[in-house]
Amino acid sequence: MKVFNTLTRQKEEFKPLVPGQISMYVCGPTVYNYIHIGNARSAIAFDTIRRYFEYKGYQVKYVSNFTDVDDKMINEARAEGTTVPELAERYIKAFLEDTTALNIEPATLHPRATHEIPAIIDFIQTLIDKGYAYEADGDVYYRAKKFKNYGQLSDQDIDQLEEGASKHVNDEEQDRKEDPIDFALWKGQKEPDEIAWDSPWGKGRPGWHIECSVMSTKYLGDTLDIHGGGQDLEFPHHENEIAQSEAKTGHKFVNYWLHNGFVTVGKDEEKMSKSLHNFVTVHDILQKVDPQVLRFFMASVQYRSQINYSEENLAQAANILNRFKNTLSSIGYRLADDTESLADADLQLLVEETKTKFDGAMDDDFNVQNALTAIYEALPAVNSNANAPKADKEALKAFKDNLTAWLGVFGIDADQLLAQEAGDDDAKIEALIAERSEARKNKDWAKSDEIRDQLQAMGIAIKDTPQGTRWSRE
């Protein structure tokens, strides 16, 4: 199995620290608003990766944090006339509701920055004691240049970083810093109403980057198998995590860095973000889009690739998902009938080859497009056998079991996919289908066609099979 490591910019053979077990940390949201689909893309991408590891038999310890204090949260709380903790509770609850709707597995742990203040203070003090950090007027900064590999993850030259940083640091902060590129580990309280905790350097709060170093190493150990997040986190967030963590522990921080691609919108494929005010929240989308369709759409593109969010692409995902649903339904009907099974060597081979292709594609840096193509190409032969006078029921069951597992990797529950909500007109539909079946039996094709048209006008799709007529809502 190979994964693309951002640090080395190449695919590498994946070998976990402990055979059969994986430690995985993924940066979570800053909880000051509903998550947009750019945030959801990261959560879904790494949930899909996690699910594939579990499909392969690995035990995954998955930690994803909540940033529940920072400048954005303080400003939003002030604007709303509420407190930072109250704001955090509201949007953590909303995050969990949205991710549950998208069938994202709960993290093994969801630590919060504000729950780890003592550990953060101890971590910072160790960096000060080692000479990697310094206090200045209540703030604490990290000496970026002291860390010899600073800039390696994001492939940036430290002198260019310094030049760029000097243009974005205000005079007041510059006076406190030894170097423009140094970054904050602890921010002293600036306003009396600002949320703050006691520390050896005065009242204040943690900087953004330090929380992830503390929480990841506290709950997963000094060295992690995988650290994930969006491409926009490579610098400065993940770069700073490496510098902090390795300076403190003396060990390699992460063996494999994985970063997901952006979500874009519109014909110009502009990156979706809150700062550009072009984002769509998951909360709003789920009011009008089937959660399974949104989940499948987001999961069906390889995690490093860019996704363009559009109604057309959502519709395409819905069509593919519907084909998988129809195949599962056809197989289920066939397995339930009383006809004898007839072995089909070609179908048996196809089932085995499809599994080999699926696993092979996913083992190649989670290439979900190729994995889905392997499944899709097998559907005609599988459906043909399911609808034949004699079917290989054992091979069909094997394919159904595999397809259920494969869809599970993408976060799609096969039983939920097949479930059809009862409607007030179910009895009428069943009566019309029975009437149509009687017409077909009597070769009254005009009556049969008339009833089919009536059902179509009601939004009902019907399919005639050797086992009888089946129907579904379009």
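All values reported here derive from a predicted model rather than from experimental measurement. For the single chain, residues carry numbers from 1 onward in sequence order.
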Does E89 form a side-chain contact (heavy atoms from CB on, under 4.5 Å) with L87? I'd like the steps, not just the answer. CA-CA 6 Å; E89 286 299 325; L87 187 75; over 6 Å; no
May I have the step-by-step check of side-chain contact (heavy atoms from CB on, under 4.5 Å) for F358 and L372, ending in yes or no? CA-CA 7 Å; F358 179 89; L372 286 168; 5.9 Å; no
Evaluate side-chain contact (heavy atoms from CB on, under 4.5 Å) for Q369 paired with S300, printing each intermediate quantity in order. CA-CA 6 Å; Q369 284 106 317; S300 63; over 6 Å; no
Can D363 and Y52 be said to form a side-chain hydrogen bond (donor to acceptor under 3.5 Å, both in side chains), step by step? CA-CA 9 Å; D363 281 350; Y52 183 66; 2.7 Å; yes
Please evaluate residues D359 and Y55 with respect to the criterion side-chain hydrogen bond (donor to acceptor under 3.5 Å, both in side chains), reporting the C-alpha separation (whole Å), side-chain torsions for both, the decisive distance (0.1 Å), and the verdict. CA-CA 10 Å; D359 289 2; Y55 163 89; 2.8 Å; yes
Going through the checks in order, is the side-chain contact (heavy atoms from CB on, under 4.5 Å) test met by Y34 and V282? CA-CA 7 Å; Y34 294 107; V282 173; over 6 Å; no
Please determine whether side-chain hydrogen bond (donor to acceptor under 3.5 Å, both in side chains) holds for the pair D182 and Y134, giving the CA-CA distance in whole Å, both sets of side-chain angles, and the decisive distance to 0.1 Å. CA-CA 10 Å; D182 293 348; Y134 59 94; 2.7 Å; yes
Step by step, would you call S329 with N326 a side-chain hydrogen bond (donor to acceptor under 3.5 Å, both in side chains)? CA-CA 5 Å; S329 179; N326 289 339; 5.9 Å; no
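Panel note: side chain E239, backbone Q152; a donor-acceptor pair is recorded below 3.5 Å. Side-chain atoms of S64 come within 3.5 Å of backbone N or O of V26 as a donor-acceptor pair. Between the side chain of T108 and the backbone N or O of V63 there is no donor-acceptor pair closer than 3.5 Å. A donor-acceptor contact shorter than 3.5 Å is absent between the side chain of N65 and the backbone of R112. Of the possible donor and acceptor atoms, none in the side chain of T114 sits under 3.5 Å from a partner among the backbone N and O of D68. Although no hydrogens or angles enter the test, the distance criterion places no donor-acceptor pair under 3.5 Å between the side chain of E116 and the main chain of V214.
At a cut-off of 3.5 Å, with distance as the only test, no side-chain donor of Y62 or E54 sits close to an acceptor on the other residue. In the model, D222 has no side-chain atom that pairs as donor or acceptor with a side-chain atom of T217 under 3.5 Å. D70 and T67 share no donor-acceptor pair across their side chains, judged by distance under 3.5 Å alone. Residues D344 and N385 bring a donor and an acceptor atom of their side chains to less than 3.5 Å of each other. D392 and Q348 share a side-chain donor-acceptor pair at under 3.5 Å. With 3.5 Å as the limit, one finds no donor-acceptor pair spanning the side chains of E97 and H283. Side-chain contact, T356 with E352: no donor N or O sits under 3.5 Å from an acceptor N or O. Between S310 and N313, the side chains place a donor N or O and an acceptor N or O closer than 3.5 Å (distance only, hydrogens not considered). A donor-acceptor pair shorter than 3.5 Å cannot be found between the side chains of H251 and T223. Checking N5 against Q10 by side-chain atom types alone, no donor-acceptor pair falls below 3.5 Å.
The shortest distance between side-chain heavy atoms of Y303 and T48 does not fall below 4.5 Å. Counting heavy atoms from C-beta outward, L328 and L407 have side chains that approach closer than 4.5 Å. Looking only at side-chain heavy atoms (C-beta outward), N240 and Y142 stay at 4.5 Å or farther from each other. At a threshold of 4.5 Å between non-hydrogen side-chain atoms, the residues R41 and I307 count as touching. V254 places none of its side-chain heavy atoms less than 4.5 Å from the side chain of I226. The side-chain heavy atoms of P29 and F66, taken from C-beta on, include a pair separated by under 4.5 Å. Side-chain contact between Y309 and T264: absent, with no pair of heavy atoms (C-beta onward) separated by less than 4.5 Å.
For D139 and R176, the salt-bridge test passes: some basic side-chain N is under 4.0 Å from an acidic carboxylate O. Between R143 and E178, at least one side-chain N (NZ, or NE/NH1/NH2) sits under 4.0 Å from a carboxylate O, which counts as a salt bridge. Between K203 and D198 a salt bridge is recorded (basic side-chain N to carboxylate O distance below 4.0 Å). Checked for salt-bridge contact, K187 and D71 meet the test: a charged N lies under 4.0 Å from a carboxylate O. Ion pairing between a basic and an acidic side chain is recognised when a charged N comes within 4.0 Å of a carboxylate O; D290 and R295 show no such pairing.
Atom CD of Q59 sits in a sparse spot, with 12 or fewer heavy atoms from other residues, nucleotides or ligands closer than 6.0 Å. Within a 6.0 Å radius of NZ in K190, other residues, nucleotides and ligands contribute more than 12 heavy atoms. Counted within 6.0 Å of CD on Q231, heavy atoms from surrounding residues, nucleotides or ligands total more than 12; the atom is thus considered enclosed.
In this structure, R9 is not positioned above the aromatic face of F4 in the sense of NZ or CZ being under 6.0 Å from the six-membered ring centre and within 45° of the axis. Figure legend: cation-pi geometry between R323 and Y376, with NZ or CZ positioned under 6.0 Å from the six-membered ring centre and within 45° of its axis. Note that K146 lies in the cation-pi zone of Y132, set by a 6.0 Å cut-off to the ring centre and a 45° limit from the axis.
In summary, the aromatic rings of Y150 and F147 are positioned with their centroids too far apart to meet the 6.0 Å limit. The aromatic ring centres of Y25 and F253 sit 6.0 Å or more apart. Ring-centre distance between H209 and H238: not below the 6.0 Å cut-off.
Here the straight-line distance linking atom OG of S154 with atom CD of E234 works out to 7.0 Å at 0.5 Å rounding. Residue I124 holds its CD1 atom at 11.5 Å from NZ of K248, rounded to the nearest 0.5 Å.
Of the listed residues (K11, Q302, K2), just one forms a side chain to side chain donor-acceptor pair (under 3.5 Å) with D365, and that residue is Q302.
Ring geometry for F14 versus F53: interplanar angle of 30 to 60°, hence tilted.
Scanning all heavy atoms of the two residues, the minimum distance from A391 to L396 falls at CB-CD1, 3.9 Å. Nearest approach of A371 to A361, heavy atoms of both residues: N-CB, 3.5 Å.
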